[in-house]
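To find a chain, count down the sequence lines: A is the first, B the second, and so on, and within it residues start at 1.
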Protein chains: 2
Amino acid sequence: MDDGEAVASAAADYQPLYAQVKNRLVQRIGSGAWKPGEMLPNEFQLAAEYKVSQGTVRKALLSLEADRLIVRRQGRGTYVARHTRDNSLFHFFRMVGLDDARLRPASVVLTQRSQRAAKLPAQLLSIAPGAALHAITRLRYFAGRPAIFERIFVPSELMPGLAVQPGVAMEEEMYVIYQERYGISIARASERLAAVAATAEEARHLDLAAAAPLLEITRVARDVNGRAVELRLSRCDTAQARYAAEVY
Amino acid sequence: MDDGEAVASAAADYQPLYAQVKNRLVQRIGSGAWKPGEMLPNEFQLAAEYKVSQGTVRKALLSLEADRLIVRRQGRGTYVARHTRDNSLFHFFRMVGLDDARLRPASVVLTQRSQRAAKLPAQLLSIAPGAALHAITRLRYFAGRPAIFERIFVPSELMPGLAVQPGVAMEEEMYVIYQERYGISIARASERLAAVAATAEEARHLDLAAAAPLLEITRVARDVNGRAVELRLSRCDTAQARYAAEVY
DNA sequence: GAGTGGTCTAGACCACGGT
DNA sequence: CCGTGGTCTAGACCACTCG
């Protein structure tokens, strides 16, 4: 072949057309060209714009839907996904009651302050040690009983001026706040679970005996581009609720 | 419309063609028409057989691949999925080292006996209380150190004569045994996690202080038809390893 | 009824794996 | 080289939503 070399060099970073279309759509959504809740052009319009067939656009859109960046409804259209209190909570909150019933925890902020990142949080958030962090502690309740003591760390650079009101029940999920105030959508999270003994402070907040066993969840949440946005350390009393996971 | 009623009654259990094809393929795989590791006919042959287009068969096969019932390889063909020690372990075993490294636990059976199902195991396995169960206890090690104390329950009816050798390191994963000896493939599992205090027996086996915090994993494993096949209660020392989950 | 996404078809060509 | 799955196209028709 005459063009063997051109083909070979092109093959290195080859992506199928639908993947290229998907990437361009991710870019546009990520850059805010369409805002959460807005409708995208239909499949034929996008196909015309990108000079591909409708079937190729379709494949890209189905993949975006699988990634939860968009929502598609037959007869309605395709929309940029939006975090709401209802669905945001249940994509990421995996605690269920002992009878497997879904739980809706109430949340009360205990403290909020700015601090410098220690080594471990810095590493998990992929930032420099000593970088500025928002640190929030809060308590979450099931049916009025304290159940989860939580520490949340967010790089100040990503969310300058982030503020929540201590002492009152939070109306919104943190992820809704990130999206609405800063345009940052949490797309996925990585969790590590361990069993630990409650510290004196935790036992006091959770109304447990000293050194009671707690389920510790270390979660790193990332946006659609894979950037670490939040580190959350949750310590859960599993007398009232358990962590649920489905494995395939 | 004249045929409004016919359409309406048909609509109740309407399934797209590709879903019907998928179901028929699940039936055939589940019934053992093709054994694990065997190659399926290619897309065009299946399309001819079911009198649909190749694209429709393709959609059914992609869905089966997503469900891990089959494995597809470009240039090779489509094969019925097979549990092997390597991949069986890592679909369902979610413990990772503190550095997120994959761990390969060694397993030693402590006891094996037959017993009648108590109320809770019976409920979780969807069998009658008092039905016969195989009960196996075993200890799993990371790097030679005991880390997980495990109780496994399997309905005797599903696996008559199930036997494993106590006291020596197990060569095979339980799920490989289920598939190879009884033709039962574990397709998915549901897990519930809690933090508990070690019992005296567990602390002794795991070489821990009395009442040390352990991560308890209650897993119900199901075959491709959704039938509960195994109940497993694992109690893990999370000083050496943590449970990893990715949330989307 | 107009517009959207969902299904289905038919056929072309490409990339990969083994002979 | 042949057979496999993977991509891409073009077009038809269906099902759903809403004004």
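You'll find that the side chain of B/L17 is closest to C/dC8, out of C/dC8, D/dG6, D/dT7. Set against C/dC8, D/dG5, D/dT9, the side chain of B/E43 has D/dG5 as its closest nucleotide. Closest contact between the side chain of B/Y14 and the listed nucleotides D/dT4, C/dG5, C/dC8 involves C/dC8.
In terms of position on DNA chain D, the residue among A/Q20 and A/G75 whose nearest nucleotide sits closer to the 5' end is A/Q20. Annotation: of the two residues near DNA chain C, B/S53 and B/Q74, the 5′-most nearest-nucleotide partner is B/S53. Toward the 5′ end of DNA chain D lies the nearest nucleotide of B/R73, the other residue of the pair B/R73 and A/F44 mapping further downstream.
Note: CG (A/L40) to P (C/dT4) measures 12 Å, nearest angstrom. As a whole-Å value, the separation of A/L61 CG from C/dT4 C1' is 12 Å. Rounded to an integer number of Å, the gap from CD of B/Q54 to P of C/dC13 is 15 Å. What separates CD of B/Q15 from C1' of D/dC14 is a distance of 17 Å, to the nearest Å. Taking atom CG on A/L62 and atom P on C/dT7, their separation rounds to 9 Å, with Å as the unit. To the nearest angstrom, P of C/dG17 lies 15 Å from CE of B/M39. If you take CG of A/L64 and P of C/dG5, they are 13 Å apart, rounded to a whole angstrom. Atom CG in A/N42 sits roughly 15 Å away from atom C1' in D/dT17 (whole-Å rounding).
At least one side-chain nitrogen or oxygen of B/T56 sits closer than 4.0 Å to the OP1 or OP2 atom of C/dT9. Taking only side-chain nitrogens and oxygens, A/T78 never comes nearer than 4.0 Å to OP1 or OP2 of C/dT4. Contact check, B/K59 against C/dT7: a side-chain N or O comes under 4.0 Å of OP1 or OP2. Taking only side-chain nitrogens and oxygens, A/Y18 never comes nearer than 4.0 Å to OP1 or OP2 of D/dC8. Distances shown here put a side-chain N or O of B/R58 below 4.0 Å from the OP1 or OP2 atom of D/dG6. Side-chain nitrogen and oxygen atoms of B/R72 include at least one within less than 4.0 Å of the OP1 or OP2 phosphate oxygen of D/dG6. Taking only side-chain nitrogens and oxygens, B/R76 never comes nearer than 4.0 Å to OP1 or OP2 of C/dC16.
By the 4.0 Å N-to-carboxylate-O rule, A/E43 lies close enough to A/R72 to be salt-bridged with it.
With B/I148 as the partner, the side chain to side chain contact (heavy atoms under 4.5 Å, CB included) test is satisfied by one option alone out of B/P105, B/S107, B/C236: B/C236.
Between B/Y243 and A/L215, every side-chain heavy-atom pair lies at or beyond the 4.5 Å cut-off.
With sequence neighbours excluded, the residues satisfying salt bridge (charged side-chain N to carboxylate O under 4.0 Å, His left out) with A/K22 are A/D67. Under the rule for a salt bridge (charged side-chain N to carboxylate O under 4.0 Å, His left out), the partners of A/D100 that lie at least two apart in sequence or sit in another chain are A/R242, B/R192.
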